[in-house]
Amino acid sequence: MADEKEVRYDPAAIEPKWQQRWAADPTLYAAEPESSGKPKYYVLEMLPYPSGQLHMGHVRNYSIGDALARYMWMRGYNVLHPMGWDAFGLPAENAALKNNTPPREWTLSNIAAMKRQMLRIGFSYDWATEVTTCLPEYYRWNQWFFLRMYEKGLVYRKKSRVNWCPECATVLANEQVINGYCWRHEDTLVEQRDLEQWFFRITAYAQELLDGLDKLEGWPEKVRTMQRNWIGRSEGTEIDFAVENRSEKIRVFTTRVDTIFGATSVQLAPEHPLVTALAAADAGLKTQVAGLIDEQKKAKESGNMGEIEKHGVPTGHFAINPYNREPIPIWVANYVLMDYGTGAIMSVPGHDERDFEFAKKYAIPIRRVIAPADPNAEEPELPFSAEDGVLVNSGEYNGFACTQAQKLLQEVAVRGAFGEAAITFRLKDWGVSRQRYWGTPIPMIHCERDGLVPVPYEKLPVLLPEKIEITQQGGSPLSRVADFVNVTCPKCGGPAKRETDTMDTFVDSSWYFYRYTDAKNAKAPFDPAIAQYWFPIDQYIGGVEHAILHLIYSRFWTKVMRDQGMVKNDEPAQRMFTQGMVIKDGAKMSKSKGNVVSPDDMVERYGADATRMYALFAAPPDRDLDWQEDGVAGVSRFLARVWRLVERHSANARGESVDSHPSSKEPSKDGAPSGGAALKLLRKLHQTIAKITQDFEGRWHFNTCVAAIMELVNELQAADAQLASGEIPAPVVRELLRTLVLLLAPFAPYLSAELWEELGGEGSILRAQWPKSDPGLAKEDEIEVPVQINGKLIAVVRVASDADPKQFEAAALADEKVKARIAGKTVANVIVAPGRAVNLVVK
RNA sequence: GGCUUGAUGGCGGAAUCGGCAUACGCGGUGGUCUCAAAAACCAUUGGGAGCAAUCCCGUGUGGGUUCAAGUCCCACUCAAGCCACCA
């Protein structure tokens, strides 16, 4: 009985043992200082929100990063592989309401639970650099940055119409509104409210954020495109239209000033100041405009602004086209947005689809002012929005090409002082005020006499009060804490009140990765010299859901710090990798769908190695992964096979000298079965090393890396008798098994540590050298080459791998099946792709 | 409506440069071991025809380029993601 137990792979015994040993060695996963002299490598996975439970998406994310970190260590790099907690945020307050637990307590106990899970799976984090954003040691630096940015004019306060989630009872950034719904509450419509809010001037960096994307070649094209669309730059012209019998002017923004002779109306957004002024004197108009505003609001809220039924109201007033003095009617339209461009457009129904639809509905004239460049071409049907035509019906500008006319008309506007070139961005400033408790207090004071007064640096941090009652009341919870609110003004010493808004938690995650490099620093967010050594991040890994929010804010923050001389890099991360989602039964894992698989369950049943290795094996890391428990069982069976294989032969492999192994000798081609078998296995081994190394260096298809190791193990197992009998010499057995274990190390750290020890490996396998593939050994003597006739596969012939094209051709023509096929026919051509195929063109 | 991905056996997926389609794993079938089972191991597993050797068909659909296409080009269908009267 005892013997039987001994030959069973038991992760439940192996894994806790190594957890203890790893925990006892704080240097194992520790980053070293620059003075180590090794090349640095910073691999970063996105820090989780401490919900209390690791989910499979986390496990997948961290398994990818962990494999990379371990590989880089074995390649001799100085690796920084940190982990932390995005620990502020609303769920802690909701939990407080529900369970009557203080947010801090709830959050910290969740962190402890998730950390235990991470340790159990065996991720190689340097816990000495752990960052927890809800602790004053961290958030004080949010406040410090806030003050610095305030000094530089990058923070400002304004009354603005904001997105308000009634469920969160707080403001949301534009990025947090998804189709009119709250990003956290998928069923809650976001409302619009007017509030005094704090903003970060991210638009000051709009152009640089856009330009920088071109240089981020190590980022997924998908992410770069999404950011480009989000920044939404468009180049055009602003033109002033005078209003008949009134002093106001209407400024419109257009990208197609070349079509201005086709403008047959001006359309204003319902919230345009001129509309408000006109409506004030016209009760009928006022009611109708209110209706339009309502329609817009409803459309925005339901997320189909794109399908809003176009609807407008004539004001009865006229605007003067400055180019031809033509009066055109001024309308108010529900499809014109106040928060984009100037909130007013010139309507050119002949050359814009939206304007066309509107003009049709209200019988506004439609005019052709652009014709195809080719005079023989048929006149295209209106609306014709192509930009490659020439101007017609445009007075003195007839005959100019569109792009030419755009420049010319713009110059005319500038000279006439009624317009100018303009660039409009879709990107808005980042609203960071939140009327919540569990966040970083904004370090500002409102004094009756001195107005806004920043909290002096030496008074930081502004501590979040610990004792607070969380209620469902609206407004800032902090405003109900008298001790917190009532202060003396730092300037005049008079009575004053603290700002009670807290910061958006995306502030926390915009710079956390710098803090990792110097996590204990009590004098500054980090030491610039240390950050300069580690930055930029060599590889950032996370979910695509952060492609816009987090990744654009992080880029902004880095540029701000650079301009303040804190860092030298323009971008936070050199390379970015977005992993796919983990799905089950065709849907994303979620509680509501009841298809959640718990990592703890998997670890208990199959072990941590099998769980994380399956997460890498089931799909390439950038694609969605369909979780199938049978697959985890399969990986676990494979690991058991590896374990038994090494157990069977470890005595044979252990303690032998490596010097005399036959890989350095001339292979015995014709006979000695031992040499043949050994050589065959060594060849497979070196092919596998090459394949996996290549994948780590580029493609990252870890699923095929695992498959390659499986193939190697299958071959070793098939040669089991030779391995045991001495037919394959002990030093070769030793090299085969030790290398196999090294190759497994990035994917299955527990098993490889155990087997490394079993095979007499010295020290931690993490410090062992990554194997190097010997190209001579990896190369096949003979290769199989397909022979096609007219593109159809007929035969496979064996040819020396270094044969020349003539030999390929001769081998193909010598094949019996080929001979039979071409008998009596003419071989018109022979195409040889050396090493790949031979194709005979036969007539 | 725009942009970006993707579509390969019963399932997850492989084929990295245009050169043997389906590696590897799951599942299935048959077997060895066992009193029996589990585990493990061995064999087999895209479809069709045939006793067989063998032949034919096959990577969402339709065209094209090429000696050769899962891979490149064009058009389309479906699915996922992002943006969306953005002037």
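Everything numeric in this text was worked out from a predicted model, so none of it was measured. Lettering follows sequence order; numbering is per chain, from 1.
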If only side-chain N and O atoms of A:R637 are considered, is one of them under 4.0 Å from the OP1 or OP2 phosphate oxygen of B:G27?
-> yes
Write down the distance separating the C1' atoms in B:G70 and B:U16, rounded off to the nearest Å.
-> 14 Å
Considering only NZ, NE, NH1 and NH2 on the basic side and carboxylate oxygens on the acidic side, decide whether A:R8 and A:E647 come within less than 4.0 Å.
-> no
Any strand, both distances under 3.5 Å, Watson-Crick or G-U wobble: B:G50 pairs with none
Measure from the side chain of A:D630, starting at C-beta and using heavy atoms only, and say which of B:C86, B:C24, B:G27 lies closest.
-> B:G27
Hey, does A:E629 reach any base, or is it just sugar-phosphate, or nothing, if we go heavy atoms under 4.0 Å?
-> nothing
Report the nucleotide, chosen from B:A14, B:A84, B:C11, that has the shortest atom-to-atom distance to any side-chain atom of A:Q628.
-> B:C11
Provide, to the nearest angstrom, the distance between the OH atom belonging to A:Y614 and the C1' atom belonging to B:G12.
-> 6 Å
Which residues pass the salt bridge (Lys or Arg N to Asp or Glu O under 4.0 Å) test with A:E782, sequence neighbours left out?
-> A:R798
Indicate, with a heavy-atom threshold strictly under 4.0 Å, whether A:Q717 touches base, sugar-phosphate, or nothing.
-> sugar-phosphate
Relative to the ring of A:Y9, is the ring of A:W643 parallel (under 30°), tilted (30 to 60°) or perpendicular (over 60°)?
-> tilted
Just name whichever nucleotide pairs with B:G19, Watson-Crick or G-U, keeping both distances under 3.5 Å, else none.
-> B:C67
Would you tell me if any nitrogen or oxygen in the side chain of A:R644 comes within less than 4.0 Å of OP1 or OP2 on B:C41?
-> yes
Which part of the nucleic acid does A:G634 contact within heavy-atom distance under 4.0 Å: base, sugar-phosphate only, or nothing?
-> sugar-phosphate
So what does A:A618 hit on the nucleic acid, given a heavy-atom distance under 4.0 Å: a base, only sugar-phosphate, or nothing?
-> sugar-phosphate
C1'-based separation of B:C51 from B:G58 [nearest Å] | 26 Å
Give the rounded distance in Å between these two atoms: CZ of A:F808 and P of B:C20.
-> 14 Å
Quick one: A:I583 CD1 to B:G6 P, roughly how many Å, whole number?
-> 16 Å
Check whether any side-chain nitrogen or oxygen of A:R836 sits under 4.0 Å from OP1 or OP2 of B:C20, and answer yes or no.
-> no
Paired with B:A84 by Watson-Crick or G-U wobble geometry, both distances under 3.5 Å: which nucleotide is it?
-> none
C1' gap between B:C57 and B:G9, integer Å | 14 Å
Which of the following nucleotides, B:G25, B:C20, B:C24, is nearest to the side chain of A:E784?
-> B:C20
Does A:R623 place a side-chain N or O at less than 4.0 Å from the phosphate oxygens OP1/OP2 of B:A79?
-> no
Respond yes when some side-chain nitrogen or oxygen of A:R821 is under 4.0 Å from OP1 or OP2 of B:C55, and no when none is.
-> yes
Please state the C1' separation for the pair B:A7 and B:C17 - nearest whole angstrom.
-> 24 Å
Assign A:K588 to base, sugar-phosphate, or nothing according to its heavy-atom contacts below 4.0 angstrom with the strands shown.
-> nothing
What does B:A14 pair with, Watson-Crick or G-U, if both distances are under 3.5 Å?
-> none
Aromatic rings A:W331 and A:F358: how do their planes relate, parallel, tilted or perpendicular, breaks at 30° and 60°?
-> perpendicular
Do NZ/NE/NH1/NH2 and the carboxylate oxygens of A:R354 and A:D352 come within less than 4.0 Å?
-> yes
Mind checking the P distance from B:U34 to B:A14? Whole angstroms is fine.
-> 42 Å
Return the nearest nucleotide to the side chain of A:H701; candidates are B:A21, B:A15, B:C82.
-> B:A15
Donor-acceptor pair under 3.5 Å, A:Q788 side chain vs B:G19 base | yes
Counting side-chain heavy atoms from CB outward, which of B:C83, B:A87, B:G13 is closest to A:Y340?
-> B:A87
Could you tell me whether A:D624 contacts a base, only the sugar-phosphate backbone, or nothing, with contacts defined as non-hydrogen atoms closer than 4.0 Å?
-> sugar-phosphate
Could you tell me how the ring of A:W700 sits relative to the ring of A:F577: parallel (under 30°), tilted (30 to 60°) or perpendicular (over 60°)?
-> tilted
Intermediate values then yes/no, side chain to side chain donor-acceptor pair (under 3.5 Å), A:K691 and A:T704 = CA-CA 9 Å; A:K691 193 252 172 301; A:T704 63; 2.9 Å; yes
Has A:S234 got a side-chain N or O lying under 4.0 Å from the OP1 or OP2 atom of B:A87?
-> yes
Report which part of the nucleic acid A:N839 touches: base, sugar-phosphate, or nothing (heavy-atom distance under 4.0 Å, all strands).
-> base
With a 4.0 Å cut-off on heavy atoms, is A:D355 in touch with a base, just the backbone sugar-phosphate, or nothing at all?
-> nothing
Give a yes/no on whether any side-chain N or O of A:N703 is located under 4.0 angstrom from OP1 or OP2 of B:A14.
-> yes
Phosphate OP1/OP2 of B:G6 contacted by A:K222 side-chain N/O (<4.0 Å) | no
When all nucleic acid strands are considered with a 4.0 Å heavy-atom cut-off, which category describes A:I831: base, sugar-phosphate, or nothing?
-> base
Please state whether the phosphate of B:U16, meaning OP1 or OP2, lies under 4.0 angstrom from any side-chain nitrogen or oxygen of A:Q694.
-> no
Please work out which of the three classes, parallel, tilted or perpendicular, describes the rings of A:F261 and A:Y323, given edges at 30° and 60°.
-> tilted
Write down the distance between CH2 (A:W230) and P (B:C86), rounded to a whole number of angstrom.
-> 15 Å
